[in-house]
Protein chains: 2
Amino acid sequence: MAEMIHLPRSTFERLKMYRKVLEATKKPYISSDEIARFLEINPDLVRKDFSYLKCQGKPRVGYDVEELRKELDDLFGVNNTTNMIIVGANDLARALLSLDFSKAGVKVVAVFDTEKENVGKFIGEFAVRELDVLERVIRRFDAEIAALCVSKDRAQATARFLIEKGIKAVWNFTGVHLDLPEGAIVVDEDLTQSLLTIKHLLKK
Amino acid sequence: MAEMIHLPRSTFERLKMYRKVLEATKKPYISSDEIARFLEINPDLVRKDFSYLKCQGKPRVGYDVEELRKELDDLFGVNNTTNMIIVGANDLARALLSLDFSKAGVKVVAVFDTEKENVGKFIGEFAVRELDVLERVIRRFDAEIAALCVSKDRAQATARFLIEKGIKAVWNFTGVHLDLPEGAIVVDEDLTQSLLTIKHLLKK
DNA sequence: TAGATTGTTAATCGATTAACAATC
DNA sequence: TAGATTGTTAATCGATTAACAATC
């Protein structure tokens, strides 16, 4: 039922942060005020956001950390693992493999490259595969996410190919604005854009 | 003067996207409608955003791409190079070095690590330095940004140390919520949070 | 000229904050 | 009980959209 309620985008963004706060908490209960102070936001807003959840707080006590975390984990679906492929066998691919995404319920199952000469090389524990076998690998592992790490000039074409072959969501590190069919999920991780934010803030 | 006008956060975020659109444009003029279609937003919003800039469009013609880009480059300050250090000599550091941030006016000038045993090793063309010489390096290169790539358990302490020694902005890849002195700039690049967004969208 | 497009003001929509009764 | 904290409604604030005159 909770899923049927519309969750405002701004609330959704904050729910991710609350989850992070809860992870860092050792106490069994936490108040909206504590959460708000930590994130430097208004405690009213925290309570309002939680009103979209099933979870109820206790007056004078606060929210049950464990219960709240469970509901958020459920909302984000971190308890069922989603399989991810990495496309582009380079330093960025290596970096992604070195990070631990198990807390988000994401597991890397294969690494691909568009260049034939890289096929067979190892990136971490993964032998690089060629895109010819993409569809087979997607089906075999039920891979839904692709981290797109290819060069800018290959970004658009590769992304389309991934969606055609069954990938549901592209985690786009290329910095290129992707134009994909209706329904395809794209989440941009544009590092250059972040640097622009920093540069702008530095000027003040 | 334009700097003195308050720029809404939402407008700022879109200005970065407009810049990206302009980069991909070959024509000398572009209309608010073309930009809006590309980004799947309302053209009225594009014009409203541009009203915060000095740049004026021409009825029946659109906006001068070159002129607009110049103003945005100015706003973000990409024409004067800002020096950046990377802290944490690992795969992520290597990945950042492999990317080209010159378009954002950012240049890496040194790589550091908290572990003495990594000092002297090479990450790309950079010999890894120890944090003892941080202050000297910051002064010598006038480094203002630090990309924080250390492990979670060292994140908070290292970030504070960086700010103490003169770093103005922390580009935080650790996923840890940093608590830093008033005035310190933090921009979070939390990959796990992005995956939560993807996982949530996949459930629909 | 007619028509396309800008720039701006007014109307709407959504998100945040204030206020306060309910509760433990 | 008194006081702290929740949950919710109303008020405010800010951002988006609609409307339209100005312009080339």
Side-chain angles (χ1 to χ4, degrees), chain A residues 1-2 4-19 21-22 25 27-72 75 197 200, chain B residues 1-2 4-19 21-22 25 27-72 75 197 200:
Chain A
M1 294 302 156
M4 303 189 68
I5 297 163
H6 171 69
L7 203 58
R9 175 94 203 152
S10 51
T11 293
F12 178 78
E13 287 305 315
R14 281 189 300 270
L15 289 178
K16 291 191 289 181
M17 302 204 289
Y18 300 152
R19 190 172 168 274
V21 176
L22 298 182
T25 303
K27 295 186 295 175
Y29 287 90
I30 192 166
S31 70
S32 57
D33 203 69
E34 287 172 286
I35 295 175
R37 235 176 309 136
F38 193 77
L39 296 174
E40 296 177 67
I41 60 175
N42 188 325
D44 298 346
L45 192 51
V46 176
R47 293 204 301 283
K48 178 95 185 193
D49 285 337
F50 287 170
S51 75
Y52 292 102
L53 305 178
K54 281 182 295 250
C55 197
Q56 305 254 79
K58 289 183 193 166
R60 294 264 297 150
V61 179
Y63 298 86
D64 184 317
V65 172
E66 199 46 39
E67 191 187 324
L68 195 49
R69 215 173 86 153
K70 252 188 200 128
E71 186 171 355
L72 290 176
L75 178 77
T197 302
H200 180 75
Chain B
M1 293 301 154
M4 303 190 69
I5 297 162
H6 171 69
L7 202 59
R9 175 96 202 150
S10 51
T11 293
F12 179 78
E13 288 304 316
R14 281 188 300 269
L15 288 178
K16 291 191 288 180
M17 302 204 289
Y18 300 152
R19 190 173 168 273
V21 176
L22 298 182
T25 303
K27 295 187 294 176
Y29 288 89
I30 192 165
S31 70
S32 57
D33 204 69
E34 288 171 286
I35 295 175
R37 235 176 309 134
F38 194 78
L39 297 173
E40 295 177 68
I41 61 175
N42 187 325
D44 297 346
L45 191 51
V46 176
R47 293 204 301 282
K48 177 95 184 191
D49 285 337
F50 287 170
S51 75
Y52 292 101
L53 305 177
K54 281 182 297 245
C55 199
Q56 306 255 79
K58 289 184 194 167
R60 294 265 296 151
V61 179
Y63 298 87
D64 184 317
V65 171
E66 199 45 37
E67 191 187 324
L68 195 48
R69 216 173 86 155
K70 252 188 200 130
E71 186 171 354
L72 291 175
L75 179 77
T197 302
H200 180 75

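Proteins come first, then strands; the chains are lettered A, B, ... in the order of their sequence lines, and each starts at number 1.
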Visitor: Atom CZ of R9(A) to atom P of dA15(D): distance rounded to whole Å?
Guide: 17 Å
Visitor: Would you say the side-chain atoms of E71(A) pair up with the backbone N or O of L53(A), donor to acceptor, closer than 3.5 Å?
Guide: no
Visitor: Can you see if the side chain of S51(B) gets near the phosphate of dT6(C) - specifically, an N or O under 4.0 Å from OP1 or OP2?
Guide: no
Visitor: Please state how far atom OH in Y52(B) lies from atom P in dG14(D), giving the value in whole angstrom units.
Guide: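 In whole Å, dG14(D) P lies 11 Å from Y52(B) OH.
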Visitor: Report the residue (R60(A) or I30(A)) whose heavy-atom-nearest nucleotide on DNA chain D is the more 5′ of the two.
Guide: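 In this pair, the answer is R60(A).
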Visitor: How close or far is atom P of dT23(C) from atom OH of Y29(A), stated in whole angstroms?
Guide: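 Y29(A) atom OH is separated from dT23(C) atom P by 18 Å.
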Visitor: When you measure from the side-chain N and O atoms of S32(A) to the phosphate of dT6(D), is any distance below 4.0 Å, counting only OP1 and OP2?
Guide: yes
Visitor: Under a 3.5 Å distance rule, please check whether E67(A) uses its side chain to pair with a backbone N or O of D64(A) as donor and acceptor.
Guide: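 No, E67(A) side chain to D64(A) backbone: no donor-acceptor pair under 3.5 Å.
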Visitor: If we ignore hydrogens and angles and just use 3.5 Å, is the side chain of E13(B) paired with the main-chain N or O of S10(B) as donor and acceptor?
Guide: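 Flag not set: sc E13(B) to bb S10(B) has no pair under 3.5 Å.
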Visitor: Starting from P on dT9(C), measure out to NZ on K48(B) and report it in whole angstrom.
Guide: 8 Å
Visitor: For V61(A) and for I41(A), find the nucleotide of DNA chain C with the closest heavy atom, then tell me which residue's nucleotide is more 5'.
Guide: I41(A)
Visitor: State yes or no: are the ring centers of Y29(B) and Y63(B) separated by less than 6.0 Å?
Guide: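 Judged by ring-centre distance (under 6.0 Å), Y29(B) and Y63(B) do not meet the cut-off.
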Visitor: Just to be sure I understand the rule, does Y63(A) reach a base, reach only the sugar-phosphate, or reach nothing, if contact means heavy atoms closer than 4.0 Å?
Guide: sugar-phosphate
Visitor: Looking at dT6(C), I'd like to know if its phosphate oxygens (OP1 or OP2) sit under 4.0 Å from a side-chain N or O belonging to Q56(B).
Guide: no
Visitor: Using Watson-Crick or G-U wobble geometry with both distances under 3.5 Å, which nucleotide pairs with dC20(D)?
Guide: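 The base-pairing partner of dC20(D), which may sit in any strand shown, is dG7(C).
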Visitor: Distance check: side-chain N/O of R14(A) vs OP1/OP2 of dT16(C), anything under 4.0 Å?
Guide: yes
Visitor: Roughly how many Å is it from NZ in K58(A) to P in dG7(D), rounded to a whole number?
Guide: 11 Å
Visitor: Quick one: F12(A) CZ to dA15(C) P, roughly how many Å, whole number?
Guide: 14 Å
Visitor: Atom CE in M17(B), atom CG in L72(B): separation rounded to 0.5 Å?
Guide: 12.5 Å
Visitor: dT16(D), OP1 or OP2 - any side-chain N/O from N42(B) closer than 4.0 Å?
Guide: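 Negative; the distance criterion is not met.
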Visitor: Send over the distance from L45(B) CG to dA19(D) P, rounded to a whole Å.
Guide: 16 Å
Visitor: Which is more 5' along DNA chain C, the nucleotide nearest D44(A) or the one nearest P8(A)? Just name the residue.
Guide: P8(A)
Visitor: Are T11(B) and dA15(D) close enough that a side-chain N or O sits under 4.0 Å from OP1 or OP2?
Guide: no
Visitor: Check the distance between dA4(D)'s C1' and R47(A)'s CZ and give it to me in whole angstrom.
Guide: 11 Å
